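Encoded as structure tokens, the structure appears first; notes follow it.
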Amino acid sequence: MLGPLFPRGVRPMLDLKAVVQDPEGFERRLARRGPEAAALLQPVKTLAAERRALNVALEELKKRQSEANARVGQLMRTDKAAGEKARGEARALGDEVKEKERRLGEVEGEIEKLLLFVPNPPQDAVPDGRDEKDNREVTRWGAAPRFDFAPRPHWELGEALGVLEWQQAAKLSGSRFTIYKGAAARLERAIAAFFLDVHTSRGYTEILPPYLVSRETMTGTGQLPKFEEDAFRTTGEDPLYLIPTAEVPLTNMHRDEILEARHLPVHYCAWTPCFRAEAGAAGKDTRGLIRQHQFHKVELVKLARPEESEAEHQRMVDDACEVLRRLGLHHRVVLLCTGDMGFASAKTYDIEVWMPGQETFREISSVSNCEDFQARRIRVRYRDEKGKPRLLHTLNGSGVAVGRTVVAIFENFQEANGTIRIPPALQPYMGGLARIEKGDFPRGVER
RNA sequence: GGAAAGGUGGCCGAGAGGCCGAAGGCGCUGGUUUGCUAAACCAGUAACUGGGGUAACCUGGUUCGAGGGUUCGAAUCCCUCCCUUUCCGCCA
């Protein structure tokens, strides 16, 4: 056992009150994600009723107990015998309180355990569907580049240029790792720096967060407890988890805080490595950079008032698209269907970039509005005009995946001779380099 | 990793078994005074949760780092854990 997830009592992951008041409505919304999701609510309803009954009884008991205690204190000073008698009564009440509290703790723990596995219900605007085939294209930018030769996938290009290397990486770490060399390594760094500069100039504050986080942090954003097998974790009694995305540390930064309204909306961006076990992805995207255990991503995170989260969501999609526009990469925006959305999200847009070498659009960014789902887990709130604390909405999106941008640049800007043009926007970050060619390792070993 | 000192409201800080959700101060909000500002003075200022009311509001319970124990009763005593600060060691 890993011990209690939260030390301080129950944190309903869904609004327990709303679930109890309108169970049918909740189940209907959840059912759009699949029948299993809605079924999770059944036992919650019974437990919620018991919790309520216990609470009412406990309050009454505690009130009587504190009155009895006060009596004991008074009597002990005046009438010893009467005091002893009152003490017996108080003790009986105390025992009863303890027993009820024990049971209440049990019930609340049970409710919490169940609710932690219930996903965020989708927004009404999200289309129904089972998988990515049911996603809905929203916009498209640019055009696929035309080639007078057969464009090659990035792994062939990278290997031929000697700048991407998989055999040595497998030697070090096994499958799903890559070694970048020379201009490719610099390209990864250049892309990250470029993305950060774009986003910070558009109002995001750059953060460099920890890459290892606690179990509670992973639970706050919804990676745990349901997706334990997707994460890497350290050994030992209190393991730390390697972040699968900077969303995890960035969103949790203000956990247990009440923000002042004047600070909203909060905009953060961060460039971090991301670590994913890719359990269940066996045989998928086994070649190239697309699906790795370790990759870099520039992440965007916002904390916003509920009434502005939809507008902020749209703007965040635009912020992610902006870097692709500046690189001249053909892409489209897709609204994910209910079946393709992440656990914590109420609405997600994917941005997919055209990959000529694979003749398909590939996801390069995913931008989600989690509404108050994560905020409820991590208790991040703000004070409204009346000074009352209210849950914020959390949003996150890739801005964008760095490794996959390398893939897109290789495949979209390849030439017949196998060299890669560097998009003008990146050249200042590459020391003026305009093209990746073979053999630029001053003291490395060519293969 | 070793040693020591600490963790109390938005912040600082007192409290050392009942009269303590907690003195005092700062900050904040409202008011009085004031040519304006400042100052002064008065008042109000935590969160969570249950109930009542259209509402302003009224009302019960919980919370002094976390968990457990002692006790009729714990911020206060005991145990465990976590965190912070300082010093030492080790390092990037």
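Below, chain A is the first sequence line, B the second, and so on; all start at residue 1. What you are looking at is a predicted structure, and each value in this text was computed from that prediction instead of being measured.
- Separating the CZ atom of A/R102 from the P atom of B/rG67 is a distance of 18 Å, rounded to the nearest angstrom.
- Residues passing the side chain to side chain donor-acceptor pair (under 3.5 Å) test with A/K63, sequence neighbours excluded: none.
- Nucleotides B/rC64 and B/rA56 place their C1' atoms 32 Å apart, quoted to the nearest Å.
- Straight-line distance from the CD atom of A/E96 to the P atom of B/rG61: 17 Å, rounded to whole Å.
- Summarising the base pairing, B/rA75 is matched to no nucleotide, lacking a Watson-Crick or G-U wobble pair whose two defining distances lie under 3.5 Å.
- Between A/H154 and A/F410, a ring centre-to-centre spacing not shorter than 6.0 Å is recorded.
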With sugar-phosphate taken as primed atoms, P, OP1 and OP2 and all else as base, the protein-contact string of nucleotides 51-56 of chain B at under 4.0 Å (heavy atoms; B, S, -) is S-----

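- Shown here, B/rG9 forms no base pair; nothing in the strands shown gives a Watson-Crick or G-U wobble contact with both key distances under 3.5 Å.
- Nucleotides B/rU84 and B/rU8, compared at atom P, are 14 Å apart to the nearest Å.
- Spacing between B/rC12 and B/rG73 at atom C1', rounded to whole Å, works out to 31 Å.
- Pair assignment for B/rA40 gives B/rU32, based on Watson-Crick or G-U wobble hydrogen-bonding distances that are each under 3.5 Å.
- When the P atom of B/rG50 is taken as reference, atom NZ of A/K63 falls 18 Å away, rounded to whole Å.
- Close placement of the A/F343 and A/F373 rings is indicated, their centers lying within 6.0 Å of each other.
- The CG-P distance, from A/L104 to B/rU63, rounds to 13 Å in whole Å.
- Pairing for B/rU85 is with B/rA4, a Watson-Crick or G-U wobble pair whose two hydrogen-bonding atom distances lie under 3.5 Å.
- Pair check for B/rA56 finds none; no Watson-Crick or G-U wobble contact set falls under 3.5 Å.
- A salt bridge does not link A/K98 to A/E101: none of the charged side-chain nitrogens sits closer than 4.0 Å to a carboxylate oxygen.
- Rounded to whole angstrom, the span from the CG atom of A/D256 across to the P atom of B/rG10 amounts to 12 Å.
- Annotation: B/rA14 and B/rG6 have their C1' atoms spaced 16 Å apart (nearest Å).
- Taking a pair to require two hydrogen-bonding distances under 3.5 Å in either a Watson-Crick or a G-U wobble arrangement, B/rC91 remains unpaired.
- Taking atom P in both B/rG24 and B/rC41, one finds a spacing of 15 Å when rounded to whole Å.
- Summarising the geometry, the separation between CD on A/E50 and P on B/rG50 is reported as 17 Å, rounded to the nearest angstrom.
- Pair assignment for B/rG27: B/rU45, on the basis of Watson-Crick or G-U wobble contacts that are both within less than 3.5 Å.
- Atom P of nucleotide B/rG27 and atom CD of A/E260 are separated by 17 Å, given to the nearest angstrom.
- Aromatic rings of A/H296 and A/F195 (six-membered ring for Trp) have centroids beyond the 6.0 Å cut-off, not under it.
- Looking at A/T245, its side chain does come within 3.5 Å of a backbone N or O of A/E247 through a donor-acceptor pair.
- Checked against the 6.0 Å centroid threshold, A/H263 and A/Y382 do not count as a close aromatic pair.
- Closest approach of A/P225 and A/T219 over heavy atoms only: CD-CG2, 4.3 Å.
- Across all strands shown, B/rG17 forms no Watson-Crick or G-U wobble pair with both key distances under 3.5 Å.
- Note: A/H293 and A/F275 fail the aromatic proximity criterion, with ring centroids not under 6.0 Å apart.
- B/rG7 and B/rA66: their C1' atoms are spaced 11 Å apart (whole Å).
- Closest of all the heavy-atom pairs between A/A270 and A/P209 is CB-CD, 4.0 Å.
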Identify all pairs in which a protein N or O lies below 3.5 Å from an N or O of nucleotides 45-49 of chain B, and state each distance.
from: B/rA47; atom 1: OP1; to: A/R383; atom 2: NH1; distance (Å): 3.3
from: B/rA47; atom 1: O3'; to: A/R381; atom 2: NH1; distance (Å): 3.3
from: B/rC48; atom 1: OP1; to: A/R381; atom 2: NH1; distance (Å): 2.7

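- Every pair passing salt bridge (Lys or Arg N to Asp or Glu O under 4.0 Å) that includes a residue from residues 420-432 of chain A is listed here, sequence neighbours excluded: A/E415-A/R421.
- Nucleotides B/rA5 and B/rG65, compared at atom C1', are 16 Å apart to the nearest Å.
- For the salt bridge (Lys or Arg N to Asp or Glu O under 4.0 Å) test, no residue two or more places apart in sequence or in another chain qualifies with A/R176.
- Nucleotides B/rC83 and B/rA74 have their P atoms positioned 28 Å apart, rounded to a whole Å.
- In this pair, A/H199 and A/Y204 present their aromatic rings perpendicular. The plane angle is above 60°, beyond the 30 to 60° band.
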Once each nucleotide of nucleotides 72-83 of chain B is scored for protein heavy atoms under 4.0 Å, what B/S/- sequence comes out, 5' to 3'?
-> BS----------

